[in-house]
Amino acid sequence: MRMSKLVGRRIKEDPRDAQIISHKYIIRGGYARMVSAGIYSLLPLGSRICSKIETIIRDEMNSIEGQEVLMPVVLPRELWEESGRYKSVGEELLRFKDRNEKDMLLGMTHEEAVVHLIRSEVNSYKQLPIMVYQIQTKYRDEARPRAGLIRVREFTMKDAYSFHETQECLEAYYERAHKAYENIFRRIGMKNVVSIKSDSGMMGGKVSHEFMALSEAGEDTIFMSPCGNYKANKDIAVAAWKFTKETPKELEKVHTPSKETIEEVATFLGLKPENTGKAVFYIDCNENLIFAMIRGDFEVNETKLKNYLKSPSLRYANDDEIRRCGAVPGYASPLSLTNRSKLRIVVDRSVAESSNLVVGANEKDYHFKNFNLERDLTGTEITEIATVRAGDPCPLTGAPLEEKRGIEVGNIFQLGTKYSESMNCNYLDKNGKSHPMVMGCYGIGVGRSMASVIELSHDDYGPIWPMSIAPYQIHICALNIKEEAVKSTAEKLYANLQSKGIEVIFDDRGEKAGFMFNDADLIGVPFRVIISPKTLETNSVEFGIRGVKEKQMIPIEDLVTRFQSMISEELKKYQ
RNA sequence: CGGGAUGUAGCGCAGCCUGGUUAGCGCGUUUGACUGGGGGUCAAAAGGUCGAGAGUUCGAAUCUCUCCAUCCCGACCA
């Protein structure tokens, strides 16, 4: 490719809206342009990188017997009614009507579509297991797109779906998919990806893993043990908390004028937050009032609470709803509630296993000291709803957990029979008996992966692409191209490299050296060749590697073969 | 959906508070000349519904209201 013809300009200044490095370089380097919030066009450079990522993904999917298919972006309402998700999924699902007033939607994930396909094509145990995958556009009507290509509304995703006779077969395949995912991220050059246990959320199913690119720009919080054996998303992370019980003291009502927050009450009484109990009120999907009680130094983990309550949605209760049970906001207490109908009191272990806590008195300006759950209250449900904090003890070793940020670049789920049962995706076993297929699903965000590579691999001048996904393999800069010797040498090298199948970008614009170097840095091609009157004096060219200071001179004679072998050497690192 | 910020040439910004010629600056673009190893110099040129609409006013980029868009924090989120 000649730079003089390349579509997509480089920009000197950071775009106003960009906060994170990948967003800045994606715009400044001419990889993509925003069309609307969270909706981007890819320019040739970005398109080439994504294509290469997709090629690696295809290769690994094919190696675990995946068969590529292509399903529609636009889907009819009926299909999603079958799975129940037309109602259960919120506004993130973009719904619209076609010209005949028929309800349609934009696919945000393709379980329904793939089940529609497979249930009519596959009916016998003899055909199982199978896996199909696609690389297709998804649309999610995100409330708040952000961070360039990290969180967008429209994006390209590889999604794969496997179908099995049994859970055991799924589990075995799941392990193979996990391995294939590790291969993919290694081959893309993402050394910072870890797989962690996660919550399966709206997807349903039990076991799931997220592949997280560790990065400060990430939106997810991860807890890891120092040894690396325990890794989990904040949503489901657990810790080996130890609580100690003391001899219960007598319940005592104390005056706490205008002290409503945990911090205020604890300070006022000369205690620490861990000596208090905190009340948080929610409304679940059945309009039950949920009184969540937790020790004052913890936060309620809404994912854990949702899972415990089996309530897909949960929202904070407002003050009126809190008063419904006789609780007083700011001084709410599980004691002396006047109305316990449609009320569930869910108590965290931190409260159940501690003693003599300060809790509200359900009376303005008053609290109780020395609350002891088993002595003072009945009719509660005790479970674990606490959010892990940095430094909490690792559940495996007890070592303090470290908090990290991560970008979710992929995920895998053991779906089970959630979709096959609701949508009648069955097979006949040896005895002619019908069973729902056991499903797994496996996703990777392509554009998000590209952005994550920038977050991992860049310097002050631009991205540093791994050879496996770089938009080009060699970047030729011809300095002083008006000189015939430079021009002819560069043109000849460009043609020769291309004829050998090497992907080369050639800066033929005749710009100043510094100008071309800065552009080359933003394009981030790993190998750079400089041809100038100076290098031609010794009948050679200058060779450099992106991100490495040292340069070397290479004689012109054996350039093409040397570059061929250097590139294949470099590519081997990503096989 | 709640809180905050921003919107002026392709990009980045000044001007607005305190209304008043023809709306500026840098980068980029075009033409020419010089220059030639880290965004060079000089000269000339093109490029604007000042986010949109309404209002106040003799007069609005500037004041008021409504709306829209984008970003940040939160809520939400396979």
Side-chain angles (χ1 to χ4, degrees), chain A residues 8-20 23-24 27-28 30 33-39 83 85 88-93 107-112 138-148 150-153 155 157 159-161 198-205 208-211 219-220 233 235 282 302-303 306 312-316 318 408-413 415 418-419 440-445 448 460-462 477-483 486 507 509-522 528 530-536 541-542 544 549 551:
Chain A
R9 66 169 84 213
R10 264 88 29 225
I11 295 166
K12 206 173 195 171
E13 280 150 313
D14 285 339
R16 169 217 296 272
D17 294 333
Q19 314 288 324
I20 64 169
H23 190 186
K24 290 177 182 172
I27 302 303
R28 286 191 49 205
R33 297 285 180 248
M34 188 175 86
V35 177
S36 181
I39 299 179
S83 68
R85 286 208 294 188
S88 69
V89 175
E91 292 186 274
E92 203 175 316
L93 177 64
M108 51 194 283
T109 170
H110 278 73
E111 282 74 19
E112 287 81 1
K138 300 277 186 280
Y139 187 87
R140 292 184 192 174
D141 215 22
E142 292 284 351
R144 184 147 91 83
R146 68 188 105 169
I150 302 283
R151 189 163 204 81
V152 289
R153 294 194 289 175
F155 56 102
M157 179 175 185
D159 49 324
Y161 306 89
S198 64
D199 180 60
S200 37
M202 81 167 195
M203 298 298 295
S208 65
H209 285 83
E210 288 168 341
F211 287 78
E219 314 179 273
D220 290 281
N233 193 306
D235 290 343
Y282 295 95
E302 292 182 18
T303 303
K306 269 183 203 170
S313 65
L314 205 60
R315 62 173 175 86
Y316 284 121
N318 60 39
E408 185 186 350
V409 286
N411 54 30
I412 57 179
F413 293 87
L415 288 178
K418 176 180 156 96
Y419 296 93
C441 80
Y442 318 86
I444 293 182
R448 188 181 271 192
D460 290 344
Y461 306 101
C477 290
L479 305 193
N480 224 334
I481 201 168
K482 278 184 194 159
E483 290 207 12
V486 171
D507 198 334
R509 296 173 299 173
E511 295 287 351
K512 295 276 288 188
F515 189 89
M516 290 197 280
F517 294 160
N518 279 306
D519 271 2
D521 288 340
L522 276 172
R528 186 176 309 172
I530 297 165
I531 302 173
S532 73
K534 221 180 270 177
T535 69
L536 291 183
V541 302
E542 182 184 296
K549 262 208 177 109
K551 311 285 182 218

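Convention: sequence-line order gives letters A, B, ...; per-chain numbering from 1. Quick caveat: nothing in here was measured; it's all calculated off a predicted structure.
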Item to complete: Compare all side-chain heavy atoms of A/Arg528 with those of A/Asp521 and state whether any distance is below 4.5 angstrom.
Response: yes
Discussion item. At 4.0 Å (heavy atoms only), tell me whether A/Phe155 reaches a base, stays on the sugar-phosphate, or touches nothing.
Written reply: base
Response to the item:
From CD of A/Gln19 across to P of B/U6 the rounded distance in Å is 14 Å
Worksheet item: What about A/Asp519, does its side chain sit under 3.5 Å from the base of B/G39 through a donor-acceptor pair?
Response: yes
Discussion item. Under 4.0 Å, heavy atoms only, any strand: does A/Ala143 hit a base, just the sugar-phosphate, or nothing?
Written reply: base
Worksheet item: Quick one: on RNA chain B, does A/Ser532 or A/Pro15 contact a more 5' nucleotide (nearest heavy atom)?
Response: A/Pro15
Item to complete: Side-chain contact test, heavy atoms from C-beta onward, threshold under 4.5 Å: evaluate it for A/Ile27 versus A/His23 and give yes or no.
Response: yes
Practice prompt. Measure across A/Arg85 and A/Tyr419 and return the closest heavy-atom pair with its distance rounded to 0.1 Å.
Written response: NH1-OH, 3.0 Å
Worksheet item: When you compare B/G10 with B/G38, how far apart are their C1' atoms, in angstrom units rounded to a whole number?
Response: 25 Å
Fill in: salt_bridge(A/Glu111, A/Lys418) N-O dist < 4.0 Å
no
Discussion item. For a quick check of understanding: with a heavy-atom distance under 4.0 Å over all strands, which category does A/Asn518 fall into, base, sugar-phosphate or nothing?
Written reply: base
Worksheet item: Which whole number of Å gives the distance between the C1' atom of B/A43 and that of B/U35?
Response: 15 Å
Fill in: Distance, P atom - from B/A60 to B/U21, rounded to whole angstrom
12 Å
Discussion item. Roughly how many Å apart are B/U62 and B/G19, using the P atom of each and rounding to a whole number?
Written reply: 12 Å
Item to complete: Report yes or no: is there a donor-acceptor pair, N or O only, under 3.5 Å between the side chain of A/Glu542 and the base of B/G37?
Response: yes
Item to complete: Would you mind telling me which residue lines up with the more 5' stretch of RNA chain B, A/Met157 or A/Ile11, judged by nearest nucleotide?
Response: A/Ile11
Item to complete: Pick the P atom in B/A9 and in B/A52, then give their distance to the nearest Å.
Response: 11 Å
Response to the item:
Taking a pair to mean Watson-Crick or G-U wobble geometry with both distances below 3.5 Å, B/U22 pairs with none
Fill in: Min side-chain heavy-atom separation A/Asn233-A/Glu408 under 4.5 Å
no
Worksheet entry | A/Met516 CE - B/G36 P separation (whole Å) | 14 Å
Practice prompt. For A/Ala478, answer base if it contacts any base atom (sugar-phosphate contacts may also be present), sugar-phosphate if it contacts only those atoms, and nothing otherwise; contact means non-hydrogen atoms under 4.0 Å.
Written response: nothing
Worksheet item: Could you state the CZ-P distance from A/Arg16 to B/G26, rounded to the nearest angstrom?
Response: 19 Å
Item to complete: Would you mind telling me which of B/C72, B/G39, B/G37 lies closest to the side-chain atoms of A/Arg146?
Response: B/C72
Discussion item. Keeping A/Arg10 on the side-chain end and A/Arg28 on the backbone end, is there a donor-acceptor pair under 3.5 Å?
Written reply: no
Practice prompt. Check whether any side-chain nitrogen or oxygen of A/Arg144 sits under 4.0 Å from OP1 or OP2 of B/C73, and answer yes or no.
Written response: yes
Item to complete: Just call it for A/Ile531: base, sugar-phosphate, or nothing, with non-hydrogen atoms closer than 4.0 Å on any strand.
Response: nothing
Fill in: Donor-acceptor pair under 3.5 Å, A/Glu13 side chain vs B/G26 base
yes
Worksheet item: Distance between the C1' atoms of B/C50 and B/U22, in whole angstroms?
Response: 15 Å
Practice prompt. Using the P atom on both, measure B/C63 against B/C16 and round to a whole Å.
Written response: 9 Å
Worksheet item: Across all strands, who's sitting opposite B/G2 as a Watson-Crick or G-U wobble pair, both distances under 3.5 Å?
Response: B/C73
Item to complete: For the pair A/Tyr161 (side chain) and A/His110 (backbone), establish whether a donor and an acceptor sit closer than 3.5 Å, ignoring hydrogens and angles.
Response: yes
Worksheet item: Using purine N1 to pyrimidine N3 plus N6-O4 or O6-N4 for Watson-Crick, or N1-O2 and O6-N3 for G-U wobble, each under 3.5 Å, what pairs with B/G55?
Response: B/C63
Practice prompt. Remember a base hit wins even if backbone is also touched, and classify A/Glu91 as base, sugar-phosphate or nothing at under 4.0 Å, heavy atoms.
Written response: nothing
Discussion item. Say we look at B/U8 and B/G51: how far apart would their P atoms be, to the nearest angstrom?
Written reply: 6 Å
Practice prompt. Name the pairing partner of B/G36, where a pair is Watson-Crick or G-U wobble with both distances under 3.5 Å, or state none.
Written response: none
Discussion item. What is the separation between atom CD on A/Glu219 and atom P on B/C71, rounded to the nearest whole Å?
Written reply: 13 Å
Worksheet item: Does a distance-only test, which skips hydrogens and angles, find a donor-acceptor pair under 3.5 Å between the side chain of A/Lys482 and the base of B/G36?
Response: yes
Worksheet entry | Pairing nucleotide - B/G28, Watson-Crick or G-U, each distance under 3.5 Å | none
Practice prompt. For B/A14, give its Watson-Crick or G-U wobble partner with both distances under 3.5 Å, or none.
Written response: none
Discussion item. Any base atoms under 4.0 Å from A/Ile530, or only sugar-phosphate, or nothing? Heavy atoms, all strands.
Written reply: base
Response to the item:
A/Asn480 CG to B/U35 P, in whole Å, measures 11 Å
Practice prompt. Determine the contact category for A/Glu302: base if any of its heavy atoms lies under 4.0 Å from a base atom, sugar-phosphate if only primed atoms, P, OP1 or OP2 are that close, otherwise nothing.
Written response: sugar-phosphate
Worksheet entry | Gap between atoms CG and P, on A/Leu522 and B/G38 respectively (whole Å) | 17 Å
Item to complete: Report yes if some heavy atom in the side chain of A/Phe517 is under 4.5 Å from a heavy atom in the side chain of A/Ile530; otherwise report no.
Response: yes
Discussion item. Taking atom types as they are modelled, would you say the side chain of A/Asp14 forms a donor-acceptor pair with the base of B/G12 within the 3.5 Å cutoff?
Written reply: no
Worksheet item: In whole angstroms, how far is the P atom of B/G74 from the CD atom of A/Glu142?
Response: 15 Å
Worksheet entry | Residue pair A/Glu483 / A/Leu536, side-chain heavy-atom distance below 4.5 Å | no
Discussion item. From the set B/C76, B/U35, B/U6, return the single nucleotide nearest to any side-chain atom of A/Lys512.
Written reply: B/U35
Discussion item. In this structure, how many angstroms lie between the C1' atom of B/G39 and the CG atom of A/Leu479, rounded?
Written reply: 14 Å
Worksheet item: Now, which nucleotide makes the Watson-Crick or G-U wobble pair with B/G47, with each of the two distances under 3.5 Å?
Response: none
